[in-house]
2 protein chains.
Amino acid sequence: MTLPPQATSPTAETTAPERVVKAIPEATVARLAVYLRVLGQLAEGGAETVSSEELAALSGVNSAKLRKDLSYIGTHGIRGVGYDVASLQHELEKVLGLDHPQAVALVGVGNLGHALAGYGGFGGRGFPVTALFDVDPELVGSPINGIEVRHVRDIPRVCPAAGVTIGMIATPAQAAQGVCDQLVAAGVHSILNFAPTVLQVPAEVEVRKVDLAVELQVLAFHVAGHRSADAGITDSGTAAPQVVHGRNGSAVATS
Amino acid sequence: MTLPPQATSPTAETTAPERVVKAIPEATVARLAVYLRVLGQLAEGGAETVSSEELAALSGVNSAKLRKDLSYIGTHGIRGVGYDVASLQHELEKVLGLDHPQAVALVGVGNLGHALAGYGGFGGRGFPVTALFDVDPELVGSPINGIEVRHVRDIPRVCPAAGVTIGMIATPAQAAQGVCDQLVAAGVHSILNFAPTVLQVPAEVEVRKVDLAVELQVLAFHVAGHRSADAGITDSGTAAPQVVHGRNGSAVATS
DNA sequence: GATTGTGAAGCCATTCACAGCC
DNA sequence: GGCTGTGAATGGCTTCACAATC
């Protein structure tokens, strides 16, 4: 259904190079994933269509932003009605590359790694964790969640063989850079880093980071700012409909 | 040491309202926390001063951005030399509100919650997890990491008593909104959400979210985009010195 | 009448480039 | 000579507001 994903630029694309896969802002991509999840919930609830206003409220953004976001993927909502839940879902899955799944490797099976390995299917259909690595002799060789833990030194062999495209690093900080280098050498160009360090990588590698300490410190900053303020915070600008939300930011944490 | 934190605005502050605690961009605050961590490592290594170029490289940003960031807090580096590591550390700690610690409550002590509770002191001096909550009768009453797990229904009583200012939610998605409402009612206005849902909160509450599924989907998007591209990605614009990094984004995940 | 899609305007953040200082 | 601090320029994202469409 629906047309091939157009560039949606107002001006005619005179020189279309193969495929137009760019032009979607970074920030938009992250929100598309959120919309997709909300659509899943709506679909479960039996909804067939949804308005931008409704979907936006459930996603914690305003409706103009949502419509602009969807315009990047060349969506076809129906004016006066809204969006078809099912087809928008499929559209988003296709854009995000979820139509064929990505094999994920997880390095570092400590407390956090364990939790991540167990996270399993994530929200909906997921990212299969295909390979686990650690250096602890107690862990190496034993299975977790049905997957055998390999030694980190096997990354160069195992990852390409398993077709791993995404790596998650949940090691202690000191080990993270070394592990990262090995993943990159093994052809893994997308990395999600949970270790509290900034990773140095070549330009073609995409790193996103999830940094607990930073998140807490940002919150602490705001706590500090609002101390002794009591009346104050009534200036939210425009009165929101009902549903509001603190702010933006999102795992924004990427380095 | 050092002067009181000035607003750093170019124009003279004619109407200074009590204290000038704003004017620092959201994105800058997150990076300040990163600089602080790197400074900690430098201090351990025995460094006394550091140049913006050096600190920036270690933090994965360019030096102009770093200097601009520091300018917001009215820093006093020494031209021709750099920054004093120790005093910059203290300056950053003060700005981020780390001089007196924030009590943190963690709700949801499953796999992930366990890992978070154990994370303990985080990078350096930390955010003491002061209270744990869950609904599982098996967990409630038993101690984890020396802290007794309480029932979620006790949030309204325990949190104010313990002076909790920051809440972390690591429950299943269905439970998250309810828990959030209770935290807010208990006066907790800064929340870090690990559950895969968008939380609806009043405007005075700051929510940051850490969303695994979103992070992975953003990475998947980029994997999809670079498929079949082989030569391509040489257009990084300016040639970076040596150290580079994928991109930005950071836990950007806030809703 | 309701709701989408999108130019245009506005805002925030990044980058540049250089004056000021050590 | 080296390095910081910062106005000015640029770029990206968000918001507004409304014409187009159902």
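In what follows, chains carry the letters A, B, and so on, assigned in the order in which the sequence lines appear, proteins first and then strands, with residues in each chain numbered from 1.
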As a test of reading the structure: which of C:dT4, D:dT14, C:dT14 is closest to the side chain of A:R31, going by heavy atoms? D:dT14

In whole angstrom, give the distance that lies between atom OH of A:Y83 and atom C1' of C:dT3. 9 Å

Expressed in angstrom and rounded to an integer, what is the separation of B:L70 atom CG from D:dC3 atom P? 16 Å

Can you tell me the distance, in whole Å, between the NZ atom of B:K65 and the P atom of C:dC16? 11 Å

Looking at C:dC12, I'd like to know if its phosphate oxygens (OP1 or OP2) sit under 4.0 Å from a side-chain N or O belonging to B:Y72. no

Which of these nucleotides, C:dT14, D:dT15, D:dC13, is closest to any side-chain atom of A:K68? D:dT15

Measuring to OP1 and OP2 of C:dT14, would you say a side-chain N or O of B:N62 lies under 4.0 angstrom away? no

Suppose we screen for side-chain contact (heavy atoms from CB on, under 4.5 Å). Which residues come up paired with B:A175, at least two apart in sequence or across chains? B:T171

Count the heavy atoms of every other residue, nucleotide or ligand shown that sit under 6.0 Å from CD of B:Q41, and state whether that count exceeds 12. yes

Which residues pass the side chain to side chain donor-acceptor pair (under 3.5 Å) test with A:Y35, not counting sequence neighbours? A:D69

Does OP1 or OP2 of D:dT4 have a side-chain N or O of B:S52 closer than 4.0 Å? yes

When the distance from CD of B:E54 to P of D:dG2 is rounded to whole Å, what number comes out? 16 Å

Residues passing the side chain to side chain donor-acceptor pair (under 3.5 Å) test with B:S52, sequence neighbours excluded, are B:R67

Protein-nucleic acid N or O pairs under 3.5 Å, nucleotides 17-22 of chain D:
residue, atom, partner, partner atom, Å
D:dA20, N3, A:R79, NH1, 2.6

Nucleotide D:dT14, atom P - distance to CG of A:D69 in whole Å: 7 Å

To the nearest Å, how far apart are A:L66 CG and C:dT4 C1'? 11 Å

Candidate nucleotides C:dG7, C:dT4, C:dT14, ranked by approach to the side chain of B:A27 - the nearest: C:dT14

Separation of C:dT4 C1' from A:H76 NE2 (nearest whole Å): 12 Å

Residues two or more places apart in sequence or in another chain: which of them pass side chain to side chain donor-acceptor pair (under 3.5 Å) with B:E54? none

B:E26/B:R31 ion pair, N-O < 4.0 Å: no

To the nearest angstrom, how far is B:E26 atom CD from D:dT14 atom P? 13 Å

Residue set satisfying side chain to side chain donor-acceptor pair (under 3.5 Å) with A:S190, at least two apart, ordered chain then number -> none

